[in-house]
Number of protein chains: 2
Amino acid sequence: MATIRDVARLAGVSVATVSRVINQKDSVNPETAGQVLKAVEQLQYEPNAVARGLAGKKMGIIALILPDILNPFFPALARGVEDVAHKKGLTVILGNSDDLGLKESSYIKVLKKKYVDGFIIASNTIREEDVESLRKEGIPIVLLDRGLNTTACPVIRSNNREGAKLAAHHLLGQGCQRIAHIYGPQEFITARERLLGYEEVVQGSKGYSPSLMEPGHFDIDSGRKAVEQLFARHPNIDGIFAGNDLMAIGALKALRERGIQVPEQVKVCGFDGIGLTEITEPELTTVAQPIYEMGRLAAQILLDEIESGISGNSLIELDVTLIPRKSTMKEES
Amino acid sequence: MATIRDVARLAGVSVATVSRVINQKDSVNPETAGQVLKAVEQLQYEPNAVARGLAGKKMGIIALILPDILNPFFPALARGVEDVAHKKGLTVILGNSDDLGLKESSYIKVLKKKYVDGFIIASNTIREEDVESLRKEGIPIVLLDRGLNTTACPVIRSNNREGAKLAAHHLLGQGCQRIAHIYGPQEFITARERLLGYEEVVQGSKGYSPSLMEPGHFDIDSGRKAVEQLFARHPNIDGIFAGNDLMAIGALKALRERGIQVPEQVKVCGFDGIGLTEITEPELTTVAQPIYEMGRLAAQILLDEIESGISGNSLIELDVTLIPRKSTMKEES
DNA sequence: TACGTTAATGTAAACGGTTACATTTATAAT
DNA sequence: ATTATAAATGTAACCGTTTACATTAACGTA
């Protein structure tokens with residue numbers, strides 16, 4: 001591999017001049033620039049990213065830390081991030097945190113040493129101190145979902161409360177009287193908001209009871225188990241709003257096992273809008289988050305901060321969309 | 001951030017000595033080492049990865065290039081790679097190639113400049129020349145699936161032919177007489193092998209006809225369309241072996257639309273063993289590849305090559321497992 | 001004519017490590 | 001006692017850029 005010195009030598013100029021024409025900085029005589037470019041061409045010179053990184057403290061890498069790429073919610077997010085990064089010539093380092101604060105901290109520590117340009121963290125367990133320390137060092141960071149009190153950096157999330165209300169209203173509109181809610185871990189702000197939205201809508205209705213709410217862990221199995229619990233208490237449930245799609249799928253499975261017809265006897269609505277919802281039987285009604293778009297947006301905001309050096313702290317709540325499908329269909333009357 | 005020179009100063013030794021104790025290279029007096037370690041501790045010194053990278057031409061990063069993380073096959077692969085990498089203190093850069101040779105080449109070019117330690121490429125379109133050029137520069141690379149003639153580097157894949165035979169035999173065993181096959185793009189070696197395995201088993205049987213084979217693109221929609229084609233030609237098909245799970249899911253959908261019962265009238269078997277197969281109705285019989293394990297193995301082999309500097313060219317074919325589920329269940333007699 | 005500006009370029013010091021080579025001292029072998 | 005060998009450490013070059021600062025030449029202006 002040719003180095004900048006090789007180019008300088010061949011073009012008969014100093015390395016500084018070569019650097020200038022490569023980066024289009026400062027003024028350089030067009031004629032000289034021509035020589036340099038010719039030499040670059042001739043030697044097939046490509047600047048070394050690591051040397052650049054060392055000098056400039058930026059490796060052209062953005063770090064994406066998420067709980068688990070195996071969770072079907074995250075691939076779309078990752079793809080959104082990667083697509084905009086790639087368009088701008090940056091690459092993406094992927095880290096799975098398993099929602100372990102410690103693992104996140106350790107990633108941050110390691111990646112800081114690699115001079116990543118910035119962080120996108122999709123996490124519910126990220127620690128304030130970590131965010132602070134990054135800010136202090138001038139490393140941009142964008143958060144997904146988290147960040148209630150954090151005014152320290154941009155936060156992107158969906159409008160979870162509105163989404164939950166959408167779901168609850170939809171179920172009511174489809175004729176449900178006793179709507180249960182399987183809620184996610186309450187340390188996740190998303191899960192809390194969805195629960196609140198549900199309560200807000202359902203509280204007034206006649207069938208309401210706090211015992212219609214059952215916790216789950218945002219995975220298929222806990223959705224299934226929650227249904228067992230719920231039906232033990234309330235055999236007459238006719239609608240289920242699950243805090244996410246995975247739990248809704250679990251619910252679907254449990255209902256089928258019990259021989260309960262969906263949507264005839266019980267209607268089910270999920271949350272997230274992951275691809276899986278299209279392949280269940282019946283297809284699953286869900287409140288779709290613009291997942292890919294969230295990834296794109298996070299990356300765009302991050303790149304803006306990286307380029308401008310200005311750090312914002314906006315809280316962006318994206319709109320969600322109810323996608324009605326067979327699992328909540330009202331029988332034709 | 002403290003630098004190695006700060007540590008050297010505080011410990012009253014030269015930077016070389018500090019480097020030695022940090023990297024446990026060469027011999028250094030235990031007492032001196034103690035001083036250094038104390039200084040390291042006191043200054044909270046952490047070696048800068050970029051400077052290291054520049055000096056050693058290795059950034060502690062492995063590049064994982066795959067077609068599309070949105071394809072449900074790949075997250076498990078990525079997770080396998082990442083888990084191994086993380087355990088060894090390396091990080092993973094993720095690139096989506098969309099099976100575009102050009103995008104792959106461009107990634108390789110960019111990442112070489114970033115001194116990644118090695119590449120894991122899951123691709124059907126990777127070009128020989130790219131592999132060659134990496135080898136020539138001593139950058140380890142491990143391929144997934146591809147690499148028929150390529151003896152130039154390790155290749156990991158599943159035993160696709162055996163898997164297909166497993167599937168075909170299973171369908172025969174379940175009483176199918178006319179087994180169709182929806183095969184994937186023939187430029188993919190995996191798809192070719194699966195087709196061959198299918199033919200090998202089915203060729204002799206009475207119901208066999210070349211028109212029982214229909215192409216697809218490894219996605220849900222093409223699976224659905226293939227079923228339309230197949231049933232137009234052969235209304236009496238009673239078994240379908242899809243070249244991958246996505247097409248099998250499409251087939252399931254198409255069959256349901258036509259009012260054909262699975263497994264009573266037609267049995268369906270997929271290939272890959274992605275998570276989706278557990279949530280279809282009926283649950284999908286599939287030939288499972290050890291996807292996560294493939295990722296792990298690829299990473300392990302790559303790391304071995306990185307550490308040892310020795311480059312192998314083994315071809316590893318992992319065993320697949322037939323997972324019988326409801327979609328191929330024989331009615332109780 | 002002398003001088004402040006600006007454009008064009010070069011020099012060399014960062015950036016923060018690793019490592020080949022040199023030097024000194026202690027130890028073992030002859 | 002002498003010399004070869006190994007252990008412990010230091011010096012400085014090197015990895016390949018960027019960039020602050022210095023230098024020179026050309027130009028417009030008072």
Side-chain angles (χ1 to χ4, degrees), chain A residues 1-37 39-40 43-61 89 110 112-117 137-139 309, chain B residues 1-37 39-40 43-61 89 110 112-117 137-139 309:
Chain A
M1 276 273 94
T3 75
I4 198 172
R5 281 172 233 280
D6 299 327
V7 176
R9 200 172 308 127
L10 181 58
V13 298
S14 74
V15 295
T17 300
V18 176
S19 179
R20 285 185 188 108
V21 354
I22 300 279
N23 300 296
Q24 318 206 41
K25 262 190 175 179
D26 301 337
S27 52
V28 22
N29 186 315
E31 205 168 319
T32 317
Q35 307 290 153
V36 172
L37 259 8
V40 166
L43 295 172
Q44 294 269 43
Y45 168 71
E46 304 256 4
N48 179 299
V50 180
R52 270 189 164 164
L54 182 57
K57 296 193 189 302
K58 278 185 196 171
M59 280 293 297
I61 296 177
V110 169
K112 271 193 333 198
K113 291 191 250 169
K114 294 197 179 166
Y115 284 161
V116 300
D117 300 38
E137 300 184 46
I139 304 173
Chain B
M1 278 274 94
T3 74
I4 197 174
R5 284 171 228 280
D6 298 328
V7 176
R9 199 173 310 127
L10 181 58
V13 299
S14 74
V15 295
T17 300
V18 176
S19 179
R20 286 185 188 107
V21 355
I22 300 281
N23 300 297
Q24 319 207 43
K25 263 190 175 178
D26 301 336
S27 51
V28 20
N29 186 313
E31 205 168 320
T32 317
Q35 307 290 153
V36 172
L37 259 7
V40 165
L43 295 172
Q44 293 268 42
Y45 169 72
E46 305 256 3
N48 179 299
V50 180
R52 271 191 164 162
L54 182 57
K57 295 192 189 303
K58 278 185 197 171
M59 279 294 294
I61 296 176
V110 168
K112 272 195 329 200
K113 292 191 251 169
K114 293 196 180 168
Y115 284 161
V116 299
D117 300 38
E137 300 184 47
I139 304 172

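Sequence lines set the chain letters: A, B, ... in the order given, protein chains first and strands last, and positions in each chain run from 1. This is a predicted model, so every value here is computed, not measured.
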Counting only side-chain nitrogens and oxygens, does [X] get under 4.0 Å of the OP1 or OP2 atom of [N]?
X      : N      : value
B:N29  : D:dA7  : no
A:N48  : D:dC15 : no
B:T3   : C:dC15 : no
A:K25  : D:dT19 : yes
B:S19  : C:dG17 : no
A:Y115 : D:dT17 : no
B:K57  : D:dC15 : no
A:R52  : D:dT18 : yes

When the distance from [atom1] of [X] to [atom2] of [N] is rounded to whole Å, what number comes out?
X      : N      : atom1 : atom2 : answer
A:E46  : D:dT17 : CD    : C1'   : 15 Å
B:K112 : D:dG16 : NZ    : P     : 15 Å
B:K113 : D:dT17 : NZ    : P     : 10 Å
B:I4   : C:dC15 : CD1   : P     : 14 Å
A:D26  : D:dT24 : CG    : P     : 19 Å
B:M59  : C:dT18 : CE    : P     : 13 Å
A:R20  : C:dT9  : CZ    : C1'   : 6 Å

Are the side chains of [Y] and [X] in contact, using a 4.5 Å heavy-atom criterion?
X     : Y     : result
A:V13 : A:V18 : yes
B:V50 : B:M59 : yes
A:R20 : A:T32 : no

Q: Between A:I22 and B:P30, name the one whose nearest nucleotide on DNA chain D is closer to the 5' end.
A: B:P30

Q. Taking for each residue the nucleotide of DNA chain D bearing the nearest heavy atom, is the 5' side occupied by B:L54 or by A:T17?
A.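 The answer here is B:L54.
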
Output the single nucleotide from [options] whose closest atom is nearest the side chain of [X].
X     : options               : value
A:S14 : C:dG10, C:dT9, D:dC15 : C:dG10
B:A51 : C:dG16, C:dA8, C:dC15 : C:dG16
A:A16 : C:dT11, C:dG17, D:dT9 : C:dT11

Q: Take B:G56 and A:A33, find for each the nucleotide of DNA chain C with the closest heavy atom, and name the residue whose nucleotide sits nearer the 5' end.
A: A:A33

(Q) Take a 6.0 Å sphere around CD of A:Q24 and say whether it holds more than 12 heavy atoms from other residues, nucleotides or ligands. (A) no

At under 4.0 Å between heavy atoms, what does [X] touch on the DNA or RNA strands: base, sugar-phosphate, or nothing?
X     : value
A:S27 : base
A:N23 : sugar-phosphate
A:V13 : sugar-phosphate
B:E31 : nothing

Q.
Determine whether a donor-acceptor pair (one donor, one acceptor, N or O, separation below 3.5 Å) exists between the side chain of B:R5 and the base of C:dG17.
A. yes

Q: Show the numbers, then the answer: is there a side-chain contact (heavy atoms from CB on, under 4.5 Å) between A:I61 and B:I61?
A: CA-CA 11 Å; A:I61 296 177; B:I61 296 176; 4.1 Å; yes

Q | Heavy-atom closest pair, residues A:Y45 and A:I4 | A | CE1-N, 3.5 Å

